[in-house]
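Data block below; observations after.
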2 protein chains.
Amino acid sequence: MQDALRQFKANIFQALAHPTRIAIVEVLRDGELPVGVIIERLGVEQANASQHLAVLKAKQIVAYRKEGNQVFYSVRDPLLIEVLDILRRYFQAHLTESMAMLTEMAQSESVVNGAKSL
Amino acid sequence: MQDALRQFKANIFQALAHPTRIAIVEVLRDGELPVGVIIERLGVEQANASQHLAVLKAKQIVAYRKEGNQVFYSVRDPLLIEVLDILRRYFQAHLTESMAMLTEMAQSESVVNGAKSL
DNA sequence: TTCGTATATTCGACAAATCGAATATACGAA
DNA sequence: TTCGTATATTCGATTTGTCGAATATACGAA
């Protein structure tokens, strides 16, 4: 069913359609981590991190494992990391327009400061 | 800037986080098409298609070209097609859970009817 | 048990996405 | 011009996502 597949893809994209969730996936790139460490590395509120993790869990992006007092999360399939890497290349390939786009989108907010260390 | 890159990725994902927009990108896979044909192939409302195209255009996913009376759209970078293909593999790899997930998400609506012809 | 830490869930306020209907614009043909 | 077709934009209603604050749960240690 074509529609089911598209719905599925849309779900994945939606799951990743937030900078914090992308950051979570990236921080888990090299293996599982307990929530505490994720929070610490990202510098977000505990509740907020937990909500984003819930989204990623619901969409099956991450797996989790309880160990004693804490919960370890990991990315379920390295294919997703691959997707993020492709987008990094995409970003670099269209650097100029990408920056313009981000700058534009940042209008009132402040999101962009440069493009070093990609 | 790490944050800029994540914001950029999130934008791309958000742009693709809708089945109709994924369908648009897929229908453009083999080359540009005028809006009319896109509408016809997808079977969506004209206004709705135009709105989704506006989103894809704003996020630089598609390029457009006017020719006389009509506007032709195309995917700006085949890397994105590659991403969609990766997700198809992802879907297949996790077929069982994927279907379960979709079924669950379809609860009240009806989205899933099978998984033939991927 | 009770306590402290780790994580999850709920809540209410607010922002953003989505839709169809209606309307506007662009452009070629007559 | 004026008309007809192709596409875009605006509008209001509804839904969905997001946040921080508050609260709840799970679990090991004492």
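A note on names: the letters A, B, ... follow the listed sequences, proteins ahead of strands, and every chain is numbered from 1.
When both distances must be under 3.5 Å, the Watson-Crick or G-U wobble mate of D/dG17 is C/dC14. Nucleotide D/dG4 forms a pair with C/dC27, judged by Watson-Crick or G-U wobble geometry with both contacts under 3.5 Å. Across all strands shown, C/dA22 forms a Watson-Crick or G-U wobble pair, both distances under 3.5 Å, with D/dT9.
Comparing D/dA26, D/dT9, C/dT10 by their closest approach to the side chain of B/Ala47 singles out D/dT9. When distances run from any side-chain atom of A/Ala54 to the nucleotides C/dT9, C/dA8, D/dT9, the shortest one goes to C/dT9. The side chain of A/Gln51 lies closest to C/dT10 when the candidates are C/dC19, C/dA21, C/dT10. When distances run from any side-chain atom of B/Asn48 to the nucleotides D/dC19, C/dC19, D/dA8, the shortest one goes to C/dC19.
When rounded to the nearest whole Å, the span between CZ of B/Arg65 and C1' of D/dA6 equals 15 Å. Protein atom CD of A/Gln46 is 13 Å distant from nucleotide atom C1' of C/dT10, rounded to whole Å. Rounded to whole Å, atom C1' of C/dT7 lies 15 Å from atom CG of A/Leu56. When rounded to the nearest whole Å, the span between CZ of A/Phe13 and C1' of D/dT16 equals 19 Å. Rounded to whole Å, the distance from NE2 on A/His18 to C1' on C/dA17 is 14 Å. Atom CD in B/Glu40 sits roughly 14 Å away from atom C1' in D/dA6 (whole-Å rounding). Rounding to whole angstrom units, NZ of residue B/Lys66 and P of C/dA26 are separated by 7 Å. With rounding to whole Å, A/Tyr64 atom OH is found 11 Å from C/dT7 atom C1'.
Counting non-hydrogen atoms under 4.0 angstrom, A/Tyr73 reaches the backbone sugars and phosphates but no base. Across all strands, B/Gln14 comes closer than 4.0 Å only to sugar-phosphate atoms, never to a base (heavy-atom distances). The residue B/Asn69 sits close to a base: some heavy atom pair falls under 4.0 Å.
Looking only at distances, no side-chain donor or acceptor of A/Arg29 sits under 3.5 Å from a matching main-chain atom of A/Ile81. A/Arg21 contributes a side-chain N or O that, together with a main-chain N or O of A/Ala15, makes up a donor-acceptor pair within less than 3.5 Å.
Using a 4.0 Å cut-off between charged side-chain N and carboxylate O, B/Glu26 and B/Arg88 make no salt bridge. In summary, A/Asp77 and B/Arg89 do not engage in a salt bridge, as defined by a charged side-chain N under 4.0 Å from a carboxylate O.
In terms of position along DNA chain D, the nucleotide closest to B/Val35 lies nearer the 5' end than the nucleotide closest to the other residue of the pair B/Val35 and A/Glu67.
Taking only side-chain nitrogens and oxygens, A/His52 comes nearer than 4.0 Å to OP1 or OP2 of D/dC19.
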- request: Just do the side chain to side chain contact (heavy atoms under 4.5 Å, CB included) check on B/Leu33 and B/Arg41 with the steps written out, would you?
  value: CA-CA 11 Å; B/Leu33 287 178; B/Arg41 295 225 189 137; 3.8 Å; yes
